[in-house]
Amino acid sequence: MAICLAQDADADALLDRDPLALLIGMLLDQQFPMERAFAGPGLIAQRLGVTELDARELAAHDPEALVQVFRGPPAVHRYPGSMARRVQALAAAVVEQYDGDASRIWSDVADGQELFRRLAALPGYGTQKAQIFTALLGKQRGVTPPGWREAAGGYGEEGVHRSVADVVDAATLAQVREYKQAKKAEMKSGAKAGG
């Protein structure tokens, strides 16, 4: 299944062929529209003059120069400085722990819990992001070690539209947006009722 997260052919093609780009897109997916977050790796590659992202090059890049790459215009993220630092820390972790190959994070895992643990330990990730990425790998990349759905929590369920793991086209993106808006409204009404 071809990735369709950035809703842009070139940006999605990069995510499809480059595991590090996909990992970075997930990192950027916070406090920013999902499709722009996942288009971010394509912008970074374009500005660095490369066709794929290299963890060693990103980790070794001059930090201030990388912030400039993130600033654009257009900006890679609404917080270009902090996100440039997070991406650089993520790239350094991929170099140190996985010899610069992001796909090694998931290529040899024994089970879903190990996959989740590896992802949750990455800089800029955490429980929810690791669960969503576990679901994304299982649903769209064929990475299905035993127990991956359980490790992904509710994001691993079949037939739901809760996260990027469930976005395969413009229609499913709209369904995920509706789900998120409903959850926000539910949380707001709960806060008002409890306050």
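With respect to the salt-bridge test (charged N to carboxylate O, under 4.0 angstrom), the residues Arg56 and Asp99 qualify. In this structure, Asp16 pairs ionically with Arg141, as a charged nitrogen and a carboxylate oxygen lie closer than 4.0 Å.
Proximity of Leu58 to Ile24: side-chain heavy atoms (C-beta onward) are separated by under 4.5 Å at one or more points. Annotation: side chain of Glu57 is in contact with side chain of Val50 (closest heavy-atom distance under 4.5 Å). Side-chain contact between Lys129 and Leu119 is absent, with no heavy atoms from C-beta onward closer than 4.5 Å. By the 4.5 Å heavy-atom criterion applied to side chains, Val76 and Met83 are not counted as neighbours. In this structure the side chain of Glu114 reaches within 4.5 angstrom of the side chain of Asp111, judged on heavy atoms. A heavy-atom distance below 4.5 Å is not found between the side chains of Val109 and Arg117. Between Met26 and Asp29 the shortest side-chain heavy-atom distance falls below 4.5 Å. In this structure, the side chains of Arg149 and Glu158 come closer than 4.5 Å at one or more pairs of heavy atoms.
One finds the CG atom of Leu23 at 11.0 Å from the CG atom of Leu15 (value rounded to the nearest 0.5 Å). Distance check: Lys139 NZ to Thr144 OG1 gives 13.5 Å after rounding to the nearest 0.5 Å. Rounding to the nearest 0.5 Å gives a distance of 8.5 Å between OG of Ser82 and CD of Gln31. The CD atom of Glu157 sits 10.5 Å away from the CD atom of Glu150 when rounded to the nearest 0.5 Å. Taking CD of Glu52 as the start and CG of Asp18 as the end, the distance is 5.0 Å to the nearest 0.5 Å. Annotation: the span from Phe70 atom CZ to Gln88 atom CD amounts to 9.0 Å, rounded to 0.5 Å.
Tracing side-chain contacts under 4.5 Å through hydrophobic residues (I, L, V, M, F, W, Y), one never reaches Ile105 starting from Phe116; they form parts of separate clusters. No path of Ile, Leu, Val, Met, Phe, Trp and Tyr side chains, each step under 4.5 Å between heavy atoms, connects Leu14 with Leu66, placing them in separate hydrophobic clusters. Residue Leu48 is grouped with residue Leu20 when hydrophobic side chains (ILVMFWY) are merged at heavy-atom distances under 4.5 angstrom, including chains of intermediate members. Taken together through direct or relayed side-chain contacts under 4.5 Å among Ile, Leu, Val, Met, Phe, Trp and Tyr, Trp148 and Leu122 form parts of separate hydrophobic clusters.
Taking all atoms of both residues into account, the shortest heavy-atom contact from Trp106 to Ala102 is CZ3-O, 3.5 Å. Residues Pro74 and Arg47 come closest through the heavy atom pair O-NH2, 2.5 Å. Heavy-atom minimum distance, Arg104 versus Ser107: CA-OG, 3.4 Å. Residues His77 and Gln30 come closest through the heavy atom pair NE2-O, 2.9 Å. Leu22 approaches Phe38 most closely through the heavy-atom pair O-CE2, 4.0 Å. Nearest heavy-atom pair, Leu5 versus Asp12, reported as atom, atom and distance to 0.1 Å: N-OD1, 2.9 Å.
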Please tabulate, one pair per line, all N/O donor-acceptor pairs under 3.5 Å involving side-chain atoms of residues 175-184, not counting sequence neighbours.
residue: Gln175; atom: OE1; partner: His161; partner atom: NE2; Å: 3.2
residue: Arg177; atom: NH2; partner: Glu35; partner atom: OE1; Å: 2.5
residue: Arg177; atom: NH2; partner: Glu35; partner atom: OE2; Å: 3.1

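Under the 30°/60° scheme for interplanar angles, the aromatic rings of Tyr125 and Phe133 are found to stand perpendicular.
Side-chain atoms of Asp166 come within 3.5 Å of backbone N or O of Ser163 as a donor-acceptor pair. Side-chain atoms of Gln140 come within 3.5 Å of backbone N or O of Val167 as a donor-acceptor pair. Arg162 places a side-chain N or O within 3.5 Å of a backbone atom of Gly154 that can act as its donor or acceptor partner.
The environment of CD in Gln68 is crowded: more than 12 heavy-atom neighbours from other residues, nucleotides or ligands sit within 6.0 Å.
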